Amino acid sequence: MQSSNQTSVSHFILVGLHHPPELGVPLFLAFLVIYLLTVSGNGLIILTVLVDIRLHRPMYWFLCHLSFLDMTISSAIVPKMLAGFLLDRRIISFGGCAIQLFSFHFLGCTECFLYTLMAYDRFLAICKPLHYATIMTRSVCNCLALGTWIGGIIHSLFQTSFLFRLPFCGPNRVDYFFCDIPAILRLVCADTTINELVTFVDIGFLALTCFMLILTSYGYIVAAILRIRSADGRRNAFSTCAAHLTVVIVYYVPCTFIYLRPGSQEPLDGVVAVFYTVITPLLNPIIYTLRNKEMKAALQRLGGHKEVQAH
């Protein structure tokens with residue numbers, strides 16, 4: 001009986017963001033501009049790091065991974081949202097919904113691990129500068145980066161399979177703008193208490209562990225920076241770390257608001273979700289370029305290189 005229930009829903013209808021019909025086109029244009037800026041901004045960071053040999057260091061290698069994750073997270077959510085604004089195409093297949101949910105949590109979890117790895121990298125660079133080059137070799141960097149992706153896959157496979165094993169036999173209107181765990185759980189025609197508890201414990205434990213590791217790393221980093229005698233040295237170290245810490249806060253606060261309250265149905269949830277799925281991927285390249293002198297200098301060199309070629 002449960003198996004037949006699971007196949008009785010062949011598709012879902014994404015309600016999307018609640019807005020007056022006359023705002024459909026303006027919202028489409030606004031989110032399209034944000035999406036294009038997100039892809040181009042993060043793509044520019046990747047290009048800059050790849051072509052500028054001065055940036056061929058672990059910190060910027062991890063930044064490339066972060067930029068790629070931001071592009072793909074945005075691409076997993078925004079195009080379907082845009083279609084809903086302009087064409088009113090809000091239907092997503094059962095399999096498409098599962099793929100979207102898997103992709104979002106796979107990329108989001110990988111990003112969570114990556115932030116922790118970037119904090120560890122800064123800890124080694126500032127607190128153990130003499131051993132940094134021997135510890136953070138290219139092979140170690142590649143293995144650590146690969147580990148974040150594998151961890152994201154394992155986490156997302158667990159969450160996705162644990163959710164979509166449940167029966168869907170009733171309403172198929174997702175009161176959200178993409179397929180996510182809290183919104184899909186409300187459509188299950190069975191007791192979801194276990195799933196809500198597992199979501200709370202799994203994502204909560206993961207987020208809290210990574211966040212505490214990041215805070216611990218930065219506790220050591222701040223103590224080490226305060227011991228630097230040169231004012232320029234302290235300023236440069238704080239500037240580099242401030243960019244990463246700002247991005248971490250922008251990432252963790254909205255996620256905590258959503259996933260540690262899996263049964264919530266507040267209208268504010270949608271606004272917060274838009275922030276961390278659409279706005280945060282746009283903010284990351286802005287924060288890193290504005291707060292990082294090396295990245296700004298590399299972008300200027302890249303622009304100058306293009307101008308020379310143009311002549």
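Both backbone and side-chain heavy atoms feed into the values below; hydrogens, waters and symmetry mates do not. Just so it is clear, the structure is predicted and the values come from calculations on it, not from any experiment.
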Enquirer: What about Phe104 and Phe106, are their ring centers closer than 6.0 Å?
Expert: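 When the ring centroids of Phe104 and Phe106 are compared, they turn out to be at least 6.0 Å apart.
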Enquirer: Output, in order, the C-alpha distance, side-chain angles, deciding distance and verdict of ring pair (Phe, Tyr, Trp, His ring centres under 6.0 Å) for Tyr218 and Phe123.
Expert: CA-CA 7 Å; Tyr218 273 97; Phe123 162 75; 10.0 Å; no
Enquirer: Look only at the side chain of Asn172 and the backbone of His11, and say whether a donor-acceptor pair between them is shorter than 3.5 Å.
Expert: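 Pair found, side chain donor or acceptor close to backbone of His11.
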Enquirer: When you measure from the side chain of Ser67 to the backbone N and O of Cys64, does any donor-acceptor pair fall under 3.5 Å?
Expert: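 Side chain of Ser67 to backbone of Cys64: no pair is present.
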Enquirer: Nearest 0.5 Å please: distance from the CZ atom of Phe200 over to the CG atom of Asp202.
Expert: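 Going from the CZ atom of Phe200 to the CG atom of Asp202 covers 11.5 Å.
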Enquirer: With Arg165 as the cation and Phe162 as the aromatic partner, state whether NZ or CZ is under 6.0 Å from the six-membered ring centre and within 45° of the axis.
Expert: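 Yes, a cation-pi geometry holds between Arg165 and Phe162.
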Enquirer: Does a side-chain heavy-atom distance below 4.5 Å link Asp52 with Arg301?
Expert: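 Counting from C-beta outward, Asp52 and Arg301 do come under 4.5 Å.
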Enquirer: What I'd like to find out is whether the side chain of Leu17 reaches to under 4.5 Å of the side chain of Leu27, using heavy atoms alone.
Expert: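 The answer is no; the side chains never approach within 4.5 Å.
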Enquirer: Ignoring hydrogens and geometry beyond distance, is a side-chain donor-acceptor pair present between Tyr132 and Asp121 at under 3.5 Å?
Expert: yes
Enquirer: Is Arg90 close to Val15 at the side-chain level, that is, under 4.5 Å between some pair of heavy atoms?
Expert: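 No, their side chains stay 4.5 Å or more apart.
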Enquirer: Taking C-beta and beyond as the side chain, do Tyr60 and Leu63 meet within less than 4.5 Å on heavy atoms?
Expert: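 Yes - at least one pair of side-chain heavy atoms lies under 4.5 Å apart.
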Enquirer: Are more than 12 heavy atoms, taken from residues, nucleotides or ligands other than Tyr220, located less than 6.0 Å from that residue's OH atom?
Expert: no
Enquirer: Would the distance check show the side chain of Thr192 and the main-chain N or O of Asn195 forming a donor-acceptor pair, the cut-off being under 3.5 Å?
Expert: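 No, because the side chain of Thr192 does not come within donor-acceptor range (under 3.5 Å) of the backbone of Asn195.
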Enquirer: Would the number of heavy atoms belonging to other residues, nucleotides or ligands and lying under 6.0 Å from CD1 of Ile13 be above 12?
Expert: yes
Enquirer: Between CG of Leu69 and SG of Cys109, what distance do you get to the nearest 0.5 Å?
Expert: 10.5 Å
Enquirer: Side chain to side chain contact (heavy atoms under 4.5 Å, CB included) between Arg173 and Leu187: does it pass, once the steps are laid out?
Expert: CA-CA 8 Å; Arg173 291 176 61 85; Leu187 304 180; 5.7 Å; no
Enquirer: Judged by atom type as modelled, is there a donor-acceptor pair below 3.5 Å linking the side chain of Gln159 to the main-chain atoms of Phe102?
Expert: no
Enquirer: Using 0.5 Å steps for rounding, measure from the CG atom of Leu47 to the OG atom of Ser40.
Expert: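 Answer for the CG-OG pair, Leu47 versus Ser40, is 12.0 Å.
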Enquirer: Are the side chain of Thr116 and the backbone of Cys112 linked by a donor-acceptor contact shorter than 3.5 Å?
Expert: yes
Enquirer: Might you point out which heavy atoms bring Cys179 and Ile92 nearest each other, and give the distance in Å?
Expert: SG-CG2, 4.1 Å
Enquirer: Could you check whether the rings of Phe164 and Phe94 sit parallel, tilted or perpendicular, using 30° and 60° as the cut-offs?
Expert: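 It falls in the perpendicular class, over 60°.
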Enquirer: Membership question, hydrophobic clusters at under 4.5 Å side-chain separation (ILVMFWY): are Val247 and Tyr120 in the same one?
Expert: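 Yes; Val247 is reachable from Tyr120 via cluster members.
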Enquirer: Rounded to the nearest 0.5 Å, how far does CG of Leu55 lie from CD1 of Ile45?
Expert: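 Between Ile45 CD1 and Leu55 CG, I get 10.5 Å after rounding to 0.5 Å.
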Enquirer: Please tell me if the side chains of Leu185 and Leu166 come closer than 4.5 Å, counting only heavy atoms from C-beta onward.
Expert: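 Side-chain contact under 4.5 Å: yes.
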Enquirer: Is Ser74 reaching over with its side chain to a backbone N or O of Asp70, donor-acceptor style, under 3.5 angstrom?
Expert: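 Between the backbone of Asp70 and the side chain of Ser74 there is no qualifying donor-acceptor contact (under 3.5 Å).
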Enquirer: Side chains of Tyr35 and Ser75 only: does a donor on one sit below 3.5 Å from an acceptor on the other?
Expert: yes
Enquirer: Return the orientation label for the Trp149 and Phe68 ring planes: parallel under 30°, perpendicular over 60°, tilted otherwise.
Expert: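 Because their plane-to-plane angle lies in the 30° to 60° range, the rings of Trp149 and Phe68 count as tilted.
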Enquirer: Is the backbone of Ile91 close enough, under 3.5 Å, to the side chain of Lys80 for a donor and an acceptor to pair up by distance?
Expert: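 Present.
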Enquirer: Just verifying a value: how many Å separate His105 NE2 and Thr110 OG1, rounded to the nearest 0.5 Å?
Expert: 12.0 Å
Enquirer: Within the 4.5 Å heavy-atom criterion, are Leu32 and Leu36 side-chain neighbours or not?
Expert: yes
Enquirer: On a heavy-atom basis, which atom in Cys97 and which in Ile184 lie closest, and how many Å separate them?
Expert: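 For Cys97 and Ile184, the tightest heavy-atom pair comes out as SG-CD1, 3.7 Å.
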Enquirer: Would you say Arg122 and Ser217 make side-chain contact, with heavy atoms under 4.5 Å?
Expert: no
Enquirer: Parallel, tilted or perpendicular, judged at 30° and 60°: which one describes the rings of His65 and Trp61?
Expert: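 It falls in the perpendicular class, over 60°.
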Enquirer: For a ring pair (Phe, Tyr, Trp, His ring centres under 6.0 Å) check, start with the C-alpha distance between Phe178 and Tyr176, then their side-chain angles and the critical distance, and finish with the verdict.
Expert: CA-CA 6 Å; Phe178 73 102; Tyr176 218 48; 5.3 Å; yes
Enquirer: Does the pair Arg186/Glu196 count as a salt bridge with the N-to-O cut at 4.0 Å?
Expert: no
Enquirer: Strictly distance-based, threshold 3.5 Å: is any side-chain N or O of Ser156 a donor or acceptor partner for the main-chain N or O of Gly152?
Expert: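 Flag not set: sc Ser156 to bb Gly152 has no pair under 3.5 Å.
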Enquirer: Ignoring hydrogens and geometry, is there a side-chain-to-backbone donor-acceptor pair from Thr148 to Ala145 under 3.5 Å?
Expert: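 Indeed, once roles are kept as given, a pair shorter than 3.5 Å links the two residues.
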Enquirer: Can you confirm whether Ile53 is buried at CD1, in the sense that more than 12 heavy atoms of other residues, nucleotides or ligands lie under 6.0 Å from that atom?
Expert: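 Not buried by this count: 12 neighbours or fewer within 6.0 Å.
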Enquirer: Rounded to the nearest 0.5 Å, what's the gap from NE2 on His155 to CZ on Phe113? Could you check?
Expert: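 Output value for this atom pair is 7.5 Å.
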Enquirer: Report the C-alpha distance between Phe31 and Phe85 in whole Å, list the side-chain angles of each, state the deciding distance to 0.1 Å, and finish with yes or no for ring pair (Phe, Tyr, Trp, His ring centres under 6.0 Å).
Expert: CA-CA 10 Å; Phe31 280 93; Phe85 283 137; 5.4 Å; yes
